[in-house]
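Ligands are counted one by one from 1 in listed order, and the atoms in each one are counted from 1 as well. Hydrogens, waters and symmetry mates are skipped; everything else that's a heavy atom, side chains included, is used. We're numbering straight along the sequence, starting at 1.
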Amino acid sequence: MNNAKILAGKRGIVFGVANNKSIAWACAQMCAEQGAELAFNFLGDAQEKRVRELVKDLPNAIVMPCDVTKDEQIEAFYTEIQKQWDMVDFIIHSVAFTEKENLKDKFMVVTRESFASTMDISAYSLLAVTRAALPLMKKGGSVITMSYYGAEKVVPRYNVMGVAKAALESCAKYLAYDLGEIGIRVNAISAGPIRTLSSSAIPGIKEMLENSQKHSPLKRNVTTEDVARSALYLLSDLGSGVTGEVLHVDCGYNTLGMFSSVES
Ligand SMILES: NC(=O)c1ccc[n+]([C@@H]2O[C@H](COP(=O)([O-])OP(=O)(O)OC[C@H]3O[C@@H](n4cnc5c(N)ncnc54)[C@H](O)[C@@H]3O)[C@@H](O)[C@H]2O)c1
C-alpha cells in the first residue's frame, strides 16, 4: 500500500482560525498531518496570540494579520506570502460575521449597513481572497468555503447570515466557472451546527444542535473532524473532478422533508 501523504509538497492558506474549536483549525490540522505547509491569518492581538500558540508545532507555518474586508490588508498578506512561497495550492476560507442583534429576532430588522457588512465579510471576502491569490496559484488548485443549510431553507433566527450564506454558495459556483479553465476548483462545505466561538453568538444554536442530533439520519451532530475529512477530499486530488459543488457534511439532515412523529 502507498503511504504517501495526500498533501505532501502542497501549500495552503487558512483564513478563519479563531481558536482550537474553529472549523478552520480542524481542517488545518488535517492538512498538516497530510503533509501540507500552511499560512494563517489573524484578526487582532488576542487572536494572533492564540493562532501563534496553536501553530507552534506545525513546520514552517506562516502567521500574518488580515482583515478580509480590507483590500490593502489582503494585498499585504499575499505580498508577504510571495516573499516566502513561490506557489499556493489551496485556500480554506472559513470566515463569517454578523452583529449579534441580527440573530435574535426577525430577519427584517437588519439595517442596510449591517446587511452590507455581513455580506462583505461573509460572502464577498471569498472572492477577494481568491482573486488576490491567483498570481500564486500558477498550477491550478482548490478553494473551499464554509456554508450552512440556512442558505437553502429558512432556519429561524439565522436571518441575514442565511442570506449571506446563499450569496456565498453562489459566489463559489460563479468562481468555479471563472477559474475552471485555469485548473482551480472552488467548492463549499455546508456543515451541520457545531459549537464554536462564532456559533455561540447564535441564540438558536442549542435548538439547532438538538434538532440535528434528534432528526438527522446519523442521529448525531457533526464534529469539526467530520468537516476536516471532507475538506481534505475537496482540497486534494481525491476531489479532482469536483467543482462548484456544495457538499453537505451534516449527518444527512438536509435530506429530510419532514420530521417523523414516530422517531425515537
Ligand atoms: N459552527 C457552526 O455551526 C457552523 C456551521 C456551518 C458553517 N459554519 C461556518 O464556518 C465558518 C467558520 O466558523 P466557526 O464556526 O469555525 O467559528 P470561528 O469563530 O472559529 O471562526 C470564524 C472566523 O471568522 C473570522 N473573521 C470574522 N470576521 C473577519 C474579518 N473581517 N477578517 C478576517 N477574519 C474574520 C474570525 O476571526 C474567526 O476566525 C464560518 O463561515 C461559519 O459561518 C459554522
Side-chain angles (χ1 to χ4, degrees), residues 13-29 40-51 54-55 63-74 76-77 91-100 102-103 116-126 128-129 132 144-152 155 157-169 171-172 188-213 221-228 230-231 246-251 253-254:
I13 299 182
V14 186
F15 290 101
V17 175
N19 60 26
N20 64 348
K21 304 262 190 312
S22 295
I23 294 174
W25 177 238
C27 295
Q29 281 178 296
F40 297 82
N41 84 312
F42 64 83
L43 193 63
D45 297 344
Q47 195 173 324
E48 174 178 14
K49 240 175 122 182
R50 288 198 299 268
V51 175
L54 283 172
V55 309
V63 179
M64 276 176 318
C66 185
D67 178 336
V68 298
T69 63
K70 307 265 188 305
D71 284 335
E72 63 285 3
Q73 289 199 23
I74 295 176
F77 181 85
I91 300 174
I92 298 169
H93 172 274
S94 188
V95 168
F97 181 78
T98 195
E99 281 80 18
K100 255 188 183 170
N102 295 332
L103 302 168
S117 83
T118 304
M119 284 287 179
D120 186 15
I121 302 172
S122 314
Y124 182 82
S125 65
L126 173 67
V129 302
I144 61 166
T145 187
M146 299 299 161
S147 190
Y148 173 64
Y149 189 52
E152 300 165 58
V155 173
R157 288 177 289 175
Y158 198 61
N159 297 349
V160 68
M161 192 49 90
V163 177
K165 291 300 190 195
L168 177 70
E169 291 183 8
C171 285
I189 288 179
S190 182
I194 304 172
R195 269 200 196 284
T196 61
L197 192 64
S198 295
S199 72
S200 337
I202 307 173
I205 186 67
K206 190 165 172 273
E207 199 181 345
M208 285 155 81
L209 287 161
E210 283 169 2
N211 240 293
S212 140
Q213 170 152 14
N221 281 306
V222 281
T223 62
T224 54
E225 288 72 30
D226 289 320
V227 177
S230 294
V246 178
L247 176 61
H248 293 89
V249 183
D250 64 352
C251 295
Y253 186 85
N254 76 94

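The side-chain heavy atoms of V68 and Y124, taken from C-beta on, include no pair separated by under 4.5 Å. Within the 4.5 Å cutoff, the side chain of W25 has no heavy atoms near those of the N19 side chain. When side chains are defined from C-beta on, D250 does not count as touching S212, because their heavy atoms never get closer than 4.5 Å. At least one side-chain heavy atom of M146 sits under 4.5 Å from a side-chain heavy atom of V227. A heavy-atom distance below 4.5 Å is not found between the side chains of I144 and H93.
Considering only non-hydrogen protein atoms, atom 9 (C) of ligand 1 sits nearest to M146 CB, 3.7 Å. In terms of protein heavy-atom proximity, atom 44 (C) of ligand 1 is nearest to I23 CD1, 3.6 Å. Protein heavy atom closest to atom 31 (N) of ligand 1, with residue, atom name and distance, is D67 OD1, 2.9 Å. The protein heavy-atom contact nearest to atom 14 (P) of ligand 1 is T196 OG1, 3.5 Å. When hydrogens are left out, the protein atom nearest atom 29 (C) of ligand 1 is L43 CD2, 3.4 Å; that is the closest non-hydrogen contact. From the protein, the heavy atom lying nearest to atom 11 (C) of ligand 1 is S94 OG, 3.4 Å. Atom 38 (C) of ligand 1 has as its closest protein heavy atom A18 CB, 3.7 Å. The closest protein non-hydrogen atom to atom 7 (C) of ligand 1 is S147 O, 2.9 Å.
Side chain of N159 to backbone of M161: no donor-acceptor contact under 3.5 angstrom is found.
Among the atoms of K21, none of the N or O lies under 3.5 angstrom from an N or O of ligand 1. Below 3.5 Å of separation, one finds an N or O of S22 facing an N or O of ligand 1.
The A96 neighbourhood of ligand 1 comprises atoms 24 (O), 27 (C), 40 (C), 41 (O), 43 (O), with distances under 4.0 Å to a heavy atom of that residue. Against a heavy-atom cut-off of under 4.0 Å, P193 is close to the following atoms of ligand 1: 3 (O). For ligand 1, the atoms sitting less than 4.0 Å from at least one non-hydrogen atom of V17 are 39 (O), numbered in the order shown with element in parentheses. Of all the atoms in ligand 1, the ones that sit under 4.0 Å from a non-hydrogen atom of S198 are 17 (O), 18 (P), 19 (O), 21 (O), 22 (C).
The part of I121 lying near ligand 1 is the side chain, judged by heavy-atom distances below 4.0 Å. Within the 4.0 Å heavy-atom criterion, the part of C66 lying near ligand 1 is the backbone and not the side chain. When non-hydrogen atoms are compared, ligand 1 lies under 4.0 Å from neither the backbone nor the side chain of S122. Both the backbone and the side chain of V68 come within 4.0 Å of ligand 1, counting heavy atoms alone. Residue N41 touches ligand 1 through its side chain alone, judged by heavy-atom distances below 4.0 Å. For S199, every heavy-atom contact with ligand 1 shorter than 4.0 Å involves the side chain, none the backbone.
When the heavy-atom distances from atom 42 (C) of ligand 1 to H93, K165, R195, Q47 are ranked, the shortest goes to K165. When G16, C27, A188, G150 are ranked by how near their heavy atoms come to atom 21 (O) of ligand 1, first place goes to G16. Of all the listed residues (I194, V227, V95), V95 holds the heavy atom that lies closest to atom 34 (N) of ligand 1.
To the nearest 0.5 Å, atom CZ of residue R195 and atom CE of residue M208 are 10.5 Å apart.
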Take E48 and M64 through the side chain to side chain contact (heavy atoms under 4.5 Å, CB included) test and state the conclusion after the steps. CA-CA 8 Å; E48 174 178 14; M64 276 176 318; over 6 Å; no
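With respect to E210 and K206, a salt bridge is recorded, a charged nitrogen being found less than 4.0 Å from a carboxylate O. In this structure, E207 pairs ionically with R157, as a charged nitrogen and a carboxylate oxygen lie closer than 4.0 Å.
With I194 as the partner, the side chain to side chain contact (heavy atoms under 4.5 Å, CB included) test is satisfied by one option alone out of N221, T224, L209, I205: T224.
Outside the 6.0 Å centre-distance limit, the rings of F40 and F77 are not counted as a close aromatic pair.
If you check the side chains of S117 and D120, you find no donor sitting under 3.5 Å from an acceptor.
Ring-plane geometry between Y149 and Y253 is classed as perpendicular, the angle between the planes exceeding 60 degrees on a 0 to 90 degree scale with a lower cut at 30.
In this structure, G192 counts as a contact residue of ligand 1, since one of its heavy atoms falls inside 4.0 Å of the ligand.
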